[in-house]
Amino acid sequence: MDKQIIDQFIKNAVAEDLGDGDHTSLSTIPANAQGKAKLLIKEDGIIAGVELAVEIFNYIDAKLVTEVMITDGSEVKYGDIALTVSGSTHSILLAERLVLNCMQRMSGIATKTNRIVGLLTAYPTKLLDTRKTTPGLRYLEKWAVRIGGGVNHRIGLYDMILIKDNHVDYAGGISNAIEAANQYLADKGKELQIEIEVRNLSELNDVLTTRGVDRIMLDNFSFADLKAAVALIDGRFVTEASGGITEENVVEYAACGVDFISMGALTHSVKSLDMSLKAC
C-alpha cells in the first residue's frame, strides 16, 4: 500500500462527502456520543479493502479502535463479520459510506478476479487488468485485482510503452513506431518495457521482422490465428491476448498458449459485493 496515495484519496473523498458538516449526525446525536459498529458481509465472495478501511477510520479519527476479524483476500460468506469499529459515533458515521463504497467495489473486483484465476489453474497463463478503471479509483481497483490473484498491467501511461493501433497508424506503421519508441528511450535514458498491439498475422510478421519489443499483444485474434501467432513467436517474446475475452471463453484463450490474458471487465463492469456497517 502506498500511504501517500491512500491518504490523498481519503482526503479528497472525505472532502467530497462532508462539505461544511454532517448535519444529520450533528442534529440528531450528541457530540460526545460513543458507539460500536460491525461490518457485516451480505454476499459470498472474496473480501478486499479491509486494510484500506482501517486507514480510513484512522484518518478520520485516530481514536477509533478497529478490530479486524477477516483479512484481505479471504473467502467470506453471508453473515460473516469482517471487522468492528468503536469510538466516536460521529466519526463512525462519517467513515461509514466511504468504507462501504470502497470495500464493496474492491471486493467485487477481487471476487471476479479470483473466480477467473481459478478457471486458469490448468494453464501457466496469468490474468491481467487494464487501464479501463474508474477515474480516481485506479489504485484501489488494481489493488483489488492483486488481492483476487490477478496481475497488474501497467499502472498508467508512465510505466510502460504500449504501442496500440492508433499509435501505429499515426506513426506510419509498425516499424516506424517500434524504432521511434526505442530511440526515445535511448534519448531520454529511460528503461521501460515496450509492448506492441497487433491486429492480424501480417502485423505480427512486421513485428517479428523489426523486433525491438518485449511483449506482443494479440488483439481480437480468432482461436486459430492466436494458436498460429503463438507458434510463430515461439517464445521469443512475451505474449498477451486481449479483446472480446469473457469469463465464458477465457479458458479457450489460455489453451492457445499465451503468457497473459488481459480483461478490462475485471474493473470496468464488475458487480459490487453486498455488505453493510451496522450499529452494535
Side-chain angles (χ1 to χ4, degrees), residues 113 116-117 119-133 142 145 149-268:
T113 301
I116 296 172
V117 167
L119 297 175
L120 301 177
T121 52
Y123 302 93
T125 308
K126 290 181 169 53
L127 184 65
L128 290 174
D129 55 22
T130 71
R131 283 172 55 239
K132 296 175 182 177
T133 54
K142 284 181 170 282
V145 167
V151 178
N152 292 154
H153 204 298
R154 58 178 180 162
I155 302 302
L157 295 170
Y158 59 88
D159 58 336
M160 175 188 275
I161 288 181
L162 175 47
I163 306 169
K164 294 181 71 70
D165 53 354
N166 282 338
H167 299 101
V168 168
D169 293 342
Y170 285 137
I174 281 176
S175 296
N176 287 348
I178 292 175
E179 290 167 5
N182 278 281
Q183 187 62 53
Y184 174 86
L185 292 180
D187 292 345
K188 298 294 183 181
K190 285 186 170 294
E191 293 185 7
L192 296 175
Q193 285 208 331
I194 298 176
E195 178 173 9
I196 189 162
E197 175 187 89
V198 297
R199 294 165 282 193
N200 50 55
L201 292 172
S202 176
E203 289 190 342
L204 173 60
N205 282 317
D206 288 344
V207 173
L208 296 179
T209 300
T210 309
R211 303 178 68 84
V213 300
D214 301 286
R215 184 184 298 186
I216 301 174
M217 178 188 292
L218 305 156
D219 189 51
N220 283 302
F221 274 51
S222 67
F223 293 126
D225 282 351
L226 190 59
K227 290 177 183 176
V230 170
L232 281 171
I233 294 167
D234 194 26
R236 288 175 287 173
F237 305 95
V238 175
T239 55
E240 175 186 336
S242 70
I245 304 175
T246 66
E247 195 167 338
E248 289 68 35
N249 63 23
V250 67
V251 173
E252 292 179 86
Y253 279 94
C256 293
V258 291
D259 299 303
F260 291 100
I261 287 172
S262 56
M263 290 181 64
L266 295 180
T267 52
H268 72 54

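Residue numbers count from 1 along this sequence. Quantities reported herein were computed from a predicted structural model and do not represent experimental measurements.
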Please check this pair: side chain of [X] against backbone of [Y], looking for a donor-acceptor N/O pair closer than 3.5 Å.
X: Asp214; Y: Ile194; answer: yes
X: Asp159; Y: Ile155; answer: yes
X: Glu197; Y: Asp165; answer: yes
X: Lys142; Y: Thr130; answer: yes
X: Asn200; Y: Asp219; answer: no

Determine the minimum heavy-atom distance between [X] and [Y], stating which atoms define it.
X: Asn249; Y: Gly244; value: ND2-O, 3.2 Å
X: Gly243; Y: Asn220; value: C-OD1, 3.4 Å
X: Ala254; Y: Leu120; value: CB-CD2, 3.7 Å
X: Ala241; Y: Tyr253; value: CB-CD2, 4.2 Å
X: Cys256; Y: Leu226; value: CB-CD2, 3.7 Å

Atom pair [atom1]/[atom2] of [X] and [Y] - distance to nearest 0.5 Å:
X: Arg154; Y: Ser262; atom1: CZ; atom2: OG; value: 11.0 Å
X: Phe237; Y: Leu204; atom1: CZ; atom2: CG; value: 9.0 Å
X: Glu195; Y: Lys164; atom1: CD; atom2: NZ; value: 8.0 Å
X: Lys188; Y: Tyr184; atom1: NZ; atom2: OH; value: 5.5 Å
X: Arg211; Y: Ser175; atom1: CZ; atom2: OG; value: 13.0 Å
X: Gln193; Y: Leu185; atom1: CD; atom2: CG; value: 11.0 Å

Pairs under 3.5 angstrom only: tabulate donor-acceptor contacts from the side chains of residues 121-128 to other protein residues two or more places apart or in another chain.
{"from": "Thr121", "atom 1": "OG1", "to": "Gly118", "atom 2": "O", "distance (Å)": "3.2"}
{"from": "Thr125", "atom 1": "OG1", "to": "Val258", "atom 2": "O", "distance (Å)": "2.8"}

### Task
Verify side-chain contact (heavy atoms from CB on, under 4.5 Å) between Ile116 and Leu266, making sure each step is shown before the conclusion.
CA-CA 9 Å; Ile116 296 172; Leu266 295 180; 3.9 Å; yes

### Query
Val213 and side chain to side chain contact (heavy atoms under 4.5 Å, CB included): which partner among Ile161, Ile196, Asn182?
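Result: among Ile161, Ile196, Asn182, Ile196 is the only option passing the side chain to side chain contact (heavy atoms under 4.5 Å, CB included) with Val213.
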
### Query
Does a side chain donor of either Thr239 or Asp259 reach within less than 3.5 Å of an acceptor in the other side chain?
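Indeed, the side chains of Thr239 and Asp259 share at least one donor-acceptor pair under 3.5 Å.
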
### Query
For His153 and Glu240, does a side-chain donor sit closer than 3.5 Å to a side-chain acceptor?
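Yes.
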
#### Entry: From CA spacing to verdict: side-chain contact (heavy atoms from CB on, under 4.5 Å), Ile216, Leu218
CA-CA 6 Å; Ile216 301 174; Leu218 305 156; 4.0 Å; yes

### Task
Would you mind telling me which of Asn152, Thr267, Thr113 makes a side-chain hydrogen bond (donor to acceptor under 3.5 Å, both in side chains) with Asp129?
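Going through Asn152, Thr267, Thr113 one by one, the side-chain hydrogen bond (donor to acceptor under 3.5 Å, both in side chains) with Asp129 is satisfied by Asn152 alone.
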
### Message
So for atom OH, which belongs to Tyr158, do other residues, nucleotides or ligands contribute more than 12 heavy atoms lying within a distance under 6.0 Å?
### Response
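Yes.
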
### Lys/Arg-Asp/Glu bridge criterion (N-O < 4.0 Å) met for Arg199, Asp169
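Yes.
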
### Task
Go through the structure and list residues passing ring-ring contact (aromatic ring centres under 6.0 Å, His included) with Phe221, not counting sequence neighbours.
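For Phe221 there are no ring-ring contact (aromatic ring centres under 6.0 Å, His included) partners, ignoring immediate neighbours.
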
